[in-house]
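Just so we're clear, the structure is a prediction, and the values are computed from it rather than from any experiment.
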Amino acid sequence: MGREDAGKSPVRGSPRRGRYPRGVTFPVVGMVGGGQLARMTHEAGIPLGIRFKLLSDTPQDSAAQVVSDVVIGDYRDLDTLREFARGCDVITFDHEHVPTEHLRALEADGIPVRPGPDALVHAQDKGVMRAKLDAIGVPCPRHRIVSDPQDVAAFAAEGLPEGAEGDGFPVVLKTVRGGYDGKGVWVVDSVEEAAEPFRAGVPVLAEEKVDFVRELAANVVRSPHGQAVAYPVVESRQVNGVCDTVIAPAPDLDEALALKAEQLALTVAKELDVVGHLAVELFQTRDGRILVNELAMRPHNSGHWTMDGAITSQFANHVRAVLDLPLGDPRPRAKWTVMVNVLGGDYPDMYSAYLHCMARDPQLKIHMYGKDVKPGRKVGHVNTYGDDLDDVLERARHAAGYLRGTITE
């Protein structure tokens with residue numbers, strides 16, 4: 001095209017308006033996994049005009065109910081993944097369970113995978129994660145891979161101070177792959193109790209049982225070209241190994257320690273070359289340290305408060321990151337935001353409880369996942385916010401309890 005043709009459309013020679021050529025279209029994000037994280041990520045992409053394609057186990061999965069382009073298939077099958085990836089501009093995930101070698105094959109096919117397999121393996125394999133965090137100087141609980149119950153006993157004894165009595169138990173044992181929400185994790189008090197984890201036939205990681213004050217989480221998002229943002233550090237309260245309540249920001253957290261936790265999470269994201277959302281779950285110890293407990297490279301339960309409590313939610317920023325768009329502002333909208341998970345109970349008809357909850361608290365934000373209600377199953381969450389933490393906590397707990405049926409007034 002000559003200089004005299006500059007600024008003209010190739011169609012009939014008419015002037016081209018706008019800054020992009022006519023062929024530019026909105027990208028397609030391929031999401032592997034049909035759970036609630038995919039559902040809420042899809043929701044965050046709608047205002048941006050982003051098109052979603054979903055690989056789901058069943059048509060009834062949470063995200064499959066709301067995404068228009070759904071492929072039903074097994075993420076563990078490489079041919080299924082390759083066929084699914086056709087027409088996608090980028091592949092991302094709502095879980096970390098896709099085999100690492102399959103992700104490498106997709107990359108070899110020219111499909112952008114975010115986070116990539118070299119990063120994601122650290123969320124898939126706890127042994128790999130611990131080795132890498134040790135190598136880059138990130139503080140972790142004392143740990144090592146153990147081979148049998150007797151090796152667990154030896155590991156326990158190694159932690160005893162010189163001259164101390166006892167056997168070093170209790171010890172935390174984790175299968176290196178596949179655990180979540182307390183599954184694949186055991187706290188054992190003896191060599192006899194240590195036998196159970198080895199029956200799964202996978203490597204077992206032993207860790208010291210940390211004497212901690214509370215659990216924290218540092219959530220950050222990083223893009224392919226290295227832009228990164230950090231959300232306020234939150235307190236995460238667990239019940240029976242499952243996240244129950246998240247308070248943003250973490251109450252009474254020393255400013256220097258909060259900054260250290262944010263910087264630690266940003267360092268992990270950079271060193272592991274994470275693209276997208278990274279949750280770093282932390283222990284705050286009684287002697288004033290922070291130790292890394294787990295990593296998750298996807299939107300995370302500890303970041304659900306951002307849907308209503310932050311200028312840009314974790315889900316919106318994850319979409320922006322995997323597409324290499326400029327990241328949004330992570331600052332909170334209110335002084336306090338509290339998220340409480342809604343677990344299934346003995347009352348499957350939660351919809352009828354909305355009237356009470358909404359009338360009692362017009363500011364309440366209810367997020368349901370379209371799941372069948374089963375006792376103990378995460379089926380939704382509620383967010384509340386305001387200037388008085390006690391009030392915000394009470395409102396969130398009441399709503400979650402009423403929806404579940406444990407509170408009736």
Just to verify, what does D94 make a side chain to side chain contact (heavy atoms under 4.5 Å, CB included) with, not counting sequence neighbours?
M31, L37, A38
In chain order, what residues pass the side chain to side chain contact (heavy atoms under 4.5 Å, CB included) check against R86, with sequence neighbours excluded?
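Side chain to side chain contact (heavy atoms under 4.5 Å, CB included) list for R86, sorted by chain: E83.
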How far apart are the C-alpha atoms of R177 and V202, what are their side-chain angles, what is the distance that settles it, and do they pass the side chain to side chain contact (heavy atoms under 4.5 Å, CB included) test?
CA-CA 8 Å; R177 284 181 177 259; V202 297; over 6 Å; no
Does a salt bridge link [X] with [Y], judged by any charged N lying under 4.0 Å from a carboxylate O?
| X | Y | result |
| --- | --- | --- |
| R142 | E207 | no |
| E262 | K260 | no |
| R144 | E208 | no |

Separation between NE2 of H122 and CG of D273, rounded to the nearest 0.5 Å
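The NE2 atom of H122 sits 10.5 Å away from the CG atom of D273.
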Value for CG (D89) from CD1 (I111), rounded to nearest 0.5 Å, stands at 9.0 Å
Would you please classify the geometry between the H304 ring and the Y369 ring as parallel, tilted or perpendicular, with 30° and 60° separating the classes?
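Plane angle over 60°, so perpendicular.
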With K53 as the cation and F84 as the aromatic partner, state whether NZ or CZ is under 6.0 Å from the six-membered ring centre and within 45° of the axis.
yes
Judged by modelled atom types alone, do N317 and Y231 share a side-chain donor-acceptor pair under 3.5 Å?
yes
CZ (F198) with more than 12 external heavy atoms under 6.0 Å:
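Count over threshold, so yes.
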